[in-house]
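Let me begin by presenting the structure, written as structure tokens, before commenting on it.
This is a predicted model, so every value here is computed, not measured. Both ligands and their constituent atoms are indexed starting at 1 by order of listing.
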Amino acid sequence: MDKLLVEGPCKLMGSVEISSAKNATLPILVATILCPYPVKFTGIPDLMDVGTILKLMQSMGVKVERNLNDYVIDATSLTNQHADYLLVKTMRASVLVLGPLLARYGVASVSLPGGCAIGARPVDIHLSGLEKMGAHIEIENGYIKAKCDKLKGAVITFPFPSVGATENIMMAAVLAEGTTVIENAAMEPEIDDLADFLMAQGVKIEGSGTSRMIIHGMKINELKPSPWPYRVIGDRIEAATFIIAAIMSGGDVKVSGFNPDHLKFVLETLTKMGAQLEIGKDFIQIHPSQRLKGGTIETLPFPGFPTDVQAQMMALMSIVDGSSIVTETIFENRFMHVPEMIRMGSKITLKGNSALIEGVESLSGAPVMCTDLRASAALILCALIADGQTEIQRVYHLDRGYERIDEKLTKLGAKITRVKG
Ligand code: EPZ
């Protein structure tokens, strides 16, 4: 297992180009299962999770051609509709194959994703939506066994705006008979990007990016390839991670290649805390600022504060003036980074799903361990500004969702060495 050695403190200077969004790339690649023709992509990020989803799709007979970040994904004919436990257990997003497989073939056997470090992460909302569309679903030996004659459009009201469930039902609805309405749909920009991709294949969708989305079912031969390769939106979570790194280091950095409108709440919160941000059309320029003051955040579905930036905010809050409060409402166990940050000198008290962070003068380097993707990002941010060396173990968590983050930070002036393990 690789580890990173980080020498702190450092000041980040220069500019960084953000990669395409992991959480849009995954559902959009899965959506090609609906398309009986090759689909071209450009700018696909080089991430472990992308590798995992493509391996899963290839195990079903999907053909994948790759040239660096450009791909041709050909799902003209699949050989099976089985998503094996060994692949699904490493990445929960694999459950997204359920909707398109059912819609196209009327059958799917997908391993239950199981929990992960940040929570149980059930799929009940996904399954009840598909049942409303006529799917017959049983759980057998840890697998979701689903079948149907033909999915039918339905009005589906979600008890919670689940991102994955919204994506699964959107894809299922594409080849269902009639129209599907999703009430209380997730509104994350990644959902909007999936809708844009589907519309580029000729699907008629109304209300994407709102909480009421309408998808008009069609026949598979009505789907048409778009003439140009599809490019996924920039990764707002990676962008937020670099913006916070620049602020913490007192640096002067331009973060570009994403839409700042996708981070409105985060940028407002940072500005309120005293960050000096210049907001452009597809970039943020971070200027050095006085020591920030504490803030309060509560993670919420979009457009609220994103849970995927919570850990990174805690890293920043560790070294501001005064106290901050973080409340995590999306996942039940998303404070795994806290004990590791305390070992570096952060002053954090947990109470239920809230954390009180008292700002300290500085952090000190220490050996720490990654537990999940965004916790890993928080540890890197702390290490950049800590006094001395930090050894970050199990960085495979980081490689799942950040494209060469150590190289990008080194280009900005960080002192990071990757030790192959
Ligand atoms: C997506 O996960 C993202 N992953 C997550 O990013 C992100 O944190 C999350 O959305 C929330 O924004 C991808 O897009 C691949 P949910 P997802 O369904 O779809 C509960 C990262 O770091 N729930 O909105 O799994 C669930 O347990 C990752 O990049 C049910 O109870 O999120 C959780 O508590 C981490 N039943 C909450 O809803 C269900 O059927 C949010 O889940 C589905 C979800």
Who's the nearest protein heavy-atom neighbour of [atom], and how far?
{"atom": "atom 22 (O) of ligand 1", "value": "R374 NE, 2.9 Å"}
{"atom": "atom 40 (O) of ligand 1", "value": "I125 N, 2.7 Å"}
{"atom": "atom 18 (O) of ligand 1", "value": "S162 OG, 2.7 Å"}
{"atom": "atom 17 (P) of ligand 1", "value": "R121 NH2, 3.8 Å"}
{"atom": "atom 8 (O) of ligand 1", "value": "D308 OD1, 2.6 Å"}

Within ligand 1, which atoms have a heavy atom of [X] less than 4.0 Å away?
{"X": "K22", "value": "21 (C), 29 (O)"}
{"X": "R334", "value": "8 (O), 22 (O), 35 (C)"}
{"X": "V123", "value": "39 (C), 40 (O)"}

Pairing of [X] and [Y] as salt bridge, 4.0 angstrom limit:
{"X": "D235", "Y": "K22", "answer": "no"}
{"X": "D308", "Y": "R334", "answer": "yes"}
{"X": "K152", "Y": "E177", "answer": "yes"}
{"X": "E391", "Y": "K3", "answer": "yes"}
{"X": "E190", "Y": "R236", "answer": "yes"}

Taking [atom] as the point of reference, which of [options] owns the nearest heavy atom?
{"atom": "atom 25 (O) of ligand 1", "options": "E332, R92, M91", "answer": "R92"}
{"atom": "atom 4 (N) of ligand 1", "options": "I53, L300, N23", "answer": "N23"}
{"atom": "atom 1 (C) of ligand 1", "options": "T307, L373, V163", "answer": "V163"}

(request) Would you mind telling me if ligand 1 is within reach of the side chain of E190, the backbone, both or neither, using heavy atoms under 4.0 Å? (result)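 It is neither part, as no heavy atom is under 4.0 Å.
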
(message) Once you restrict to heavy atoms under 4.0 Å, what part of I330 touches ligand 1? Side chain, backbone, both or neither.
(response) both

(request) Determine whether the aromatic ring centres of F242 and Y402 lie less than 6.0 Å apart. (result)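 Distance test on ring centres: not under 6.0 Å, no.
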
(request) Assert yes or no for the condition that the ring centre distance of F41 to Y71 is strictly below 6.0 Å. (result)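 They do not qualify: ring centres at least 6.0 Å apart.
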
Short N/O distance, under 3.5 Å, between [X] and ligand 1?
{"X": "A93", "result": "no"}
{"X": "G164", "result": "yes"}
{"X": "F160", "result": "no"}
{"X": "D124", "result": "yes"}

(request) Consider only side-chain N and O atoms of E167 and H126, and report whether a donor and an acceptor are under 3.5 Å apart. (result)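 Looking only at side-chain atoms, H126 and E167 do not form any donor-acceptor pair under 3.5 Å.
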
(request) Would you please say whether a donor-acceptor pair under 3.5 Å links the side chains of Q201 and Y37? (result) yes

Donor-acceptor pairs under 3.5 angstrom involving side-chain atoms of residues 256-263: please list them, not counting sequence neighbours.
unit_1: S256; atom_1: OG; unit_2: E17; atom_2: OE1; d: 3.2
unit_1: N259; atom_1: OD1; unit_2: D261; atom_2: N; d: 2.8

(message) Any heavy atom of P122 closer to ligand 1 than 4.0 angstrom?
(response) yes

(message) Between ligand 1 and H397, can you find any atom pair, the residue atom being a heavy atom, that is separated by under 4.0 Å?
(response) no

(message) Testing the basics here: between D193 and A24, what is the closest heavy-atom pair and its distance to 0.1 Å?
(response) OD2-CB, 3.7 Å

(request) List the atom of V95, the atom of N168, and the distance in Å for their closest heavy-atom pair. (result) O-ND2, 3.1 Å

